S.K.: 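Before I ask anything, here is the structure I am working with.
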Amino acid sequence: MNAAIVDPLQGDFPETIEEFLQHGNMKCIAFNRRGTLLAAGCANGSCIIWDFETRGLAREFRDKDCTAPITSVSWSKYGHRLLASATDRSLTLWNVETGEKISRITLQQTPLHACLHPGSSTPSVCLACPLSSAPILVDLNTGSTIVLPVSASNNGNAPASSSRGKFSDGSPPFTPTAATFDKYGDLIYVGNSKGEILIVDSKSIQVHAVIPIPGGTVVKDIVFSRGGQYLLTNSNDRVIRVYENILPIKGSGKEIEKIITNNKNDYVSPYEKLKANGARCLVFSCEVSDAISKVQWKAPCFSGDAEWIVGASANKGEHRLHIWSRAGRLIKILEGPKEALIDLAWHPFDPSIASVSVAGLIYIWAKEHVENWSAFAPDFEELEENVEYIEKEDEFDINAYTEKAKKTGINEDADIDIETKEKNSSFSDLEDDSVDEIIYLPAIPSPDTPDEQPDKCLVSSSKLEDSNHSGSPSSMDAVQNGQTIPPASSPLEVDNSTAEEPAEAANSKRKRKLSAKGLEMQQAEKVKKPAIKISNGKSSKSKSKQVELPNGNSSPADVDIDDEATEDDEI
């Protein structure tokens with residue numbers, strides 16, 4: 001099933017794979033704040049940055065001390081720094097502009113995810129989620145760490161484990177938990193194995209509120225929308241839940257302290273008070289799931305405007321994306337190649353999604369554009385060929401009423417301000433216009449290597465045909481073991497009209513599908529090509545000449561004469 005319910009508003013969301021990017025074996029991706037650059041971590045420990053508009057390779061960072069697969073990449077607020085976590089338990093901070101390594105920290109556990117503090121332009125503190133321990137705050141300059149609480153019953157400290165594999169309070173042992181900053185980094189939202197969201201102050205490391213999640217299962221992902229108004233959770237019960245953040249976007253730390261101070265009611269236990277505080281921070285909105293197949297979800301996130309929610313199927317051998325509206329209505333199901341999906345990211349502004357397959361390729365999902373020339377005028381008519389236009393008698397006559405309306409609608413004496421720079425509402429958090437933000441990077445030229453390129457990728461609808469995909473990997477074991485997948489399992493072209501196109505650059509491949517009108521015109525051009533007559537190894541064409549009559553007058557009618565025959569007669 002390609003698509004589910006069609007949204008009556010026809011919103012901007014991706015519909016088909018436009019192209020794919022290839023450079024080594026990529027594992028994880030992240031857009032910068034403006035969506036102009038796309039960072040990716042590779043299996044060999046390197047990090048690369050793509051220019052998302054030109055699809056060119058802009059930067060490549062290599063650390064001789066790190067050859068393990070990258071698990072996550074994170075941008076700083078203004079794009080000056082890039083943080084990469086790897087399976088060798090390392091955190092590496094890069095200077096994006098110069099390509100120099102700022103610092104490298106080795107943790108005691110493998111960080112599955114790490115993100116920089118969003119409140120600073122040059123942050124040195126990050127939030128890391130290790131494989132088998134509580135989330136920690138890491139100072140990248142000194143290497144010091146602070147363990148975050150994962151249980152409301154032990155406020156401020158992680159519970160100590162016992163010999164039986166359980167904590168002192170009887171809760172299950174640590175499992176990979178999720179944690180994230182809010183928009184400005186004042187609060188940290190931590191998910192635990194009990195199915196709770198803990199709101200922790202990033203400075204005092206104290207639990208201020210608790211939000212129980214229905215189902216009480218392990219929270220695998222916690223993601224904020226770009227504006228900070230909404231939050232979603234992904235739990236082990238195969239349900240994605242959406243919450244509305246009712247705290248102020250800026251100054252949330254001070255606001256939650258006011259809530260705690262004003263809440264002077266008597267409660268049975270401190271836990272009940274924390275739950276009451278949580279009810280004033282987050283409000284449950286909706287939940288989404290696949291009621292039929294009951295699939296686990298991977299890498300869920302919001303669209304740039306938080307109108308849509310996307311989640312990827314975690315089943316092996318499936319590259320399937322589900323898109324819901326924020327109200328919880330299923331809008332579309334996008335199916336890609338028979339390669340498992342390991343990460344995805346929605347563009348901050350455009351209706352585009354970048355997804356990473358187990359084969360190490362980045363697929364760019366975009367909205368399918370259809371040429372509509374009738375949009376220029378309601379009576380616009382498309383022509384198959386050029387025709388002679390006959391001007392109407394009164395077509396260009398001056399209409400006095402129209403000219404009068406135009407004059408009254410334009411104030412030619414008004415002063416035009418060319419000095420004041422209007423602020424982009426999409427970047428309301430950019431308070432200081434003088435901040436030097438990295439938006440673009442010069443691309444690195446790369447030579448064409450057609451012999452090493454996979455076939456072109458082109459999708460004619462929201463579902464790729466299952467053709468020549470027998471070599472695609474169907475297990476995530478290769479990713480976990482750090483094995484490199486050969487590019488032979490990359491997608492193949494399914495459109496017969498462009499199946500024999502020559503290969504393009506190795507790092508980026510783009511092929512747009514022709515519209516139905518374009519295909520018809522292309523076919524018509526082939527039919528209209530004149531046939532060339534070949535005679536005695538020479539090409540000859542029929543020419544029109546005038547023949548002189550015996551009376552000395554020229555014939556009014558043209559006579560077709562063969563050039564070749566005329567030359568023989570003269571000889």
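The model shown is predicted, which means the values in this text are computed figures rather than measured ones. Just so you know, residue 1 is the first one in the sequence shown, and it goes up from there.
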S.K.: Under the 3.5 angstrom rule, does the side chain of S120 hit a backbone N or O of T122 as a donor-acceptor pair?
M.R.: yes

S.K.: If you count the non-hydrogen atoms of other residues, nucleotides and ligands that lie under 6.0 Å from CD in E97, is the total more than 12?
M.R.: no

S.K.: Are N245 and L282 side-chain neighbours, meaning at least one heavy-atom pair lies under 4.5 Å?
M.R.: yes

S.K.: Could you tell me how the ring of F20 sits relative to the ring of Y363: parallel (under 30°), tilted (30 to 60°) or perpendicular (over 60°)?
M.R.: tilted

S.K.: Check whether K27 reaches the backbone of G360 with its side chain - one donor and one acceptor, N or O, closer than 3.5 Å.
M.R.: no

S.K.: SG/C28 to CG/D343 distance, rounded to the nearest 0.5 angstrom?
M.R.: 6.0 Å

S.K.: Within the 4.5 Å heavy-atom criterion, are I333 and R320 side-chain neighbours or not?
M.R.: yes

S.K.: If you measure only the distance, is there a donor-acceptor pair under 3.5 Å linking the side chains of Q109 and S132?
M.R.: yes

S.K.: Once ring pair (Phe, Tyr, Trp, His ring centres under 6.0 Å) is applied, what residue pairs with a partner in residues 89-116 remain, sequence neighbours excluded?
M.R.: F61-W94

S.K.: Do NZ/NE/NH1/NH2 and the carboxylate oxygens of E318 and K316 come within less than 4.0 Å?
M.R.: no

S.K.: So, the side chain of S303 versus the backbone of W308: is there a donor-acceptor pair under 3.5 Å, distance only?
M.R.: yes

S.K.: Is there a side-chain contact between L441 and L37, using heavy atoms and a 4.5 Å cut-off?
M.R.: yes

S.K.: With rounding to the nearest 0.5 Å, note down the distance linking CZ in F13 to CH2 in W346.
M.R.: 8.0 Å

S.K.: Under 4.0 Å between a side-chain nitrogen and a carboxylate oxygen: does that hold for E437 and K77?
M.R.: no

S.K.: Taking the side chain as every heavy atom from C-beta outward, state whether I197 and L231 have any atom pair closer than 4.5 Å.
M.R.: yes

S.K.: Where do T16 and E368 land on the side-chain hydrogen bond (donor to acceptor under 3.5 Å, both in side chains) test, with the steps shown first?
M.R.: CA-CA 6 Å; T16 182; E368 189 172 7; 5.5 Å; no

S.K.: What verdict does the side-chain hydrogen bond (donor to acceptor under 3.5 Å, both in side chains) test give for T177 and N192, after you've listed the backbone C-alpha separation in whole Å, the side-chain angles of each residue and the deciding distance to 0.1 Å?
M.R.: CA-CA 6 Å; T177 56; N192 60 17; over 6 Å; no

S.K.: Heavy atoms, side chains only, cut-off 4.5 Å: are H347 and F31 in contact?
M.R.: yes

S.K.: Could you measure the distance from the CZ atom of R81 to the CG atom of L93? Nearest 0.5 Å is fine.
M.R.: 5.5 Å

S.K.: Has H23 got a side-chain atom pairing as donor or acceptor with C42's backbone, closer than 3.5 angstrom?
M.R.: no

S.K.: Distance check, rounded to the nearest 0.5 Å: L83 atom CG versus C115 atom SG?
M.R.: 8.5 Å

S.K.: A side-chain contact here means heavy atoms from C-beta on lying under 4.5 Å apart; do V219 and D221 qualify?
M.R.: no

S.K.: Looking at every non-hydrogen atom in both residues, tell me the closest pair between S202 and L137 and how far apart they are.
M.R.: O-CD1, 3.8 Å

S.K.: Between the main-chain N or O of V190 and the side-chain N or O of T180, is there a donor-acceptor pair closer than 3.5 Å?
M.R.: no

S.K.: Taking all heavy atoms of R59 and all of P442, pick out the closest pair and write down the distance.
M.R.: NH1-O, 3.7 Å

S.K.: For Y230 and R326, does a side-chain donor sit closer than 3.5 Å to a side-chain acceptor?
M.R.: yes

S.K.: Quick check, are the ring centers of W75 and H80 under 6.0 angstrom apart?
M.R.: no

S.K.: For residues Q229 and K183, is any side-chain donor paired with an opposing acceptor at under 3.5 Å?
M.R.: no

S.K.: Search all heavy atoms of A86 against all heavy atoms of A68 and return the closest pair with its distance.
M.R.: CB-O, 4.3 Å

S.K.: Between L321 and I353, is there a side-chain heavy-atom distance shorter than 4.5 Å?
M.R.: yes

S.K.: Are L148 and I188 packed together at the side-chain level, in the sense that at least one heavy-atom pair is separated by less than 4.5 angstrom?
M.R.: yes

S.K.: Does Y189 have its ring centroid less than 6.0 Å away from the ring centroid of F181?
M.R.: no

S.K.: With sequence neighbours left out, what residues match D63 under salt bridge (Lys or Arg N to Asp or Glu O under 4.0 Å)?
M.R.: K101, R104

S.K.: Pairing donors with acceptors under 3.5 angstrom, does anything connect the side chains of T106 and S90?
M.R.: no

S.K.: Assess the side chains of T87 and T110: does a donor N or O sit below 3.5 Å from an acceptor N or O?
M.R.: no

S.K.: Which heavy atom of W50 sits nearest a heavy atom of A40, and at what distance?
M.R.: NE1-CB, 4.4 Å

S.K.: Which pair of non-hydrogen atoms, one from C47 and one from V73, has the smallest distance, and what is that distance?
M.R.: SG-CG1, 4.2 Å

S.K.: Hey, what do you get for NZ (K332) to NE2 (H322), rounding to the nearest 0.5 Å?
M.R.: 12.5 Å

S.K.: Which residues pass the salt bridge (Lys or Arg N to Asp or Glu O under 4.0 Å) test with R89, not counting sequence neighbours?
M.R.: none

